[in-house]
Amino acid sequence: MSNIQLIIEERPSNIGNFMVGRLLPFREKRMVGPFAFIDHMGPVCLSDHENLDVPPHPHIGLSTLTYLFEGAIMHKDSLGTEVEIKPGQINWMTAGKGIVHSERTPGYLRTSDKMMHGLQIWVALPKSLEQMQPEFFHVNEDELPAWEQDGVHFKLIAGEVLGHRSPVPVYSPLYLLELKSAARQTITIGAELFGESALYILEGAIESEEHTFGPKQILVAKDSKLCEFTLQENTTVYIFGGEPFPEERFIYWNFVASSRERIEEAKNAWLEQTFDPVPGETEFVPLPPQGPGIKH
């Protein structure tokens, strides 16, 4: 495995009232390019009395990307946004100096059985944009670049790579690319990638240097580019990465920043409830108990 720097196994954590698989950050690898956090939600079947309910909570210094495979989430935020995200669509929320949002099962699904399955991703902002005004963008599936090459279906979710550009308004050089293949196929796109790169296996398996890797594993490339690999039949993978930042990033709860001071300011603002509220919401997620320090 000379071309693979690190293999990360999915490990469980909690978001709202169900389990997700935490992929980043990891002890040996805090970030891949600007990507600071990846959760794999589900797949999970929620009964007619079980719903996703994540009350208002704050973010700073990052953009969040929600991409569903199954189910639906109603997003509300302190900008006044209220939008339902469905499979294949992109919710891209840039926190900048601070935003608050909630995530809930839509009203029309709350008394019926439903599935929930998707990815939630944090992308850190460049230092010069950490205090930008918050923004929100919703992108439909048919707006995303999609193409087929040698029997492999490609979809560019965010960023710019392989001669294509996603309409998702990213703020640093990066890429998040979906590859699906029904048949066995060898992939050789490493020379066209840049920065740090990693690959997440959603379903199926890949082969690299006589080793086989399966679902819920992330492979981080050693030399900032993915080596050649083979997709087995009925495999879906996500290649993500980009240019890393020159400064260290600190992560505490939902806050990402290039300075500990900025995180302390955000903690105090949430304790004092001086963030702009989400219209129509009265609940909120309390600041978690103070731990040993800020992660980095």
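These numbers were taken from a predicted model, which means no experiment stands behind them.
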ring-ring contact (aromatic ring centres under 6.0 Å, His included) between Y200 and Y238: does it pass, once the steps are laid out?
CA-CA 5 Å; Y200 177 58; Y238 292 86; 7.1 Å; no
Charged N to carboxylate O below 4.0 Å: is that the case for R249 and E247?
yes
Using only heavy-atom distances, determine whether the side chains of E130 and S258 contain a donor-acceptor pair under 3.5 Å.
yes
Can a donor-acceptor pair be found, under 3.5 Å and without considering hydrogens, that links the side chain of K114 to the backbone of S112?
yes
Any chance the rings of H59 and W122 have centres within less than 6.0 Å?
yes
Can S102 and E281 be counted as having a side-chain donor-acceptor contact under 3.5 angstrom?
yes
May I have the step-by-step check of side-chain contact (heavy atoms from CB on, under 4.5 Å) for T105 and E50, ending in yes or no?
CA-CA 9 Å; T105 298; E50 295 177 311; over 6 Å; no
List in chain and number order the residues that pass ring pair (Phe, Tyr, Trp, His ring centres under 6.0 Å) with W92, two or more places apart in sequence or in another chain; answer none if no residue qualifies.
none
Aromatic contact, F194 with Y175 (centres under 6.0 Å)
yes
Hits for side-chain contact (heavy atoms from CB on, under 4.5 Å) against M132, two or more places apart or cross-chain, chain-then-number order -> T94, L125, L129, E135, Y171
Could you state the interatomic distance from CZ (F37) to CD1 (I121), rounded to the nearest 0.5 Å?
10.0 Å
Compute the centroid of each ring, for F136 and then for H101, and state whether the two points are separated by less than 6.0 Å.
no
Quick one: side-chain contact (heavy atoms from CB on, under 4.5 Å) partners of E160, sequence neighbours excluded?
R165
Taking E203 first and then K216, would you say they form a salt bridge - that is, a charged N and a carboxylate O separated by under 4.0 Å?
no
Cation over ring, K127 on F245, under 6.0 Å and within 45°?
no
If the condition is side chain to side chain donor-acceptor pair (under 3.5 Å), which residues does R110 pass it with, not counting sequence neighbours?
D53
Does D48 have any side-chain contact (heavy atoms from CB on, under 4.5 Å) partners at least two apart in sequence or in another chain, and if so, which?
D113
Looking at V32, I218, I206, which one forms a side-chain contact (heavy atoms from CB on, under 4.5 Å) with L199?
I206
Side chain to side chain, L144 and V139, heavy atoms closer than 4.5 Å
yes
What side-chain donor-acceptor pairs closer than 3.5 Å can you find for residues 83-91, not counting sequence neighbours?
unit_1	atom_1	unit_2	atom_2	d
E84	OE2	Y108	OH	2.4
Q89	OE1	K86	N	2.9
Q89	OE1	H138	NE2	3.2
Q89	NE2	N140	OD1	3.2
N91	OD1	H138	ND1	2.7

No-hydrogen, no-angle side-chain donor-acceptor test under 3.5 Å, Y67 and Q120
no
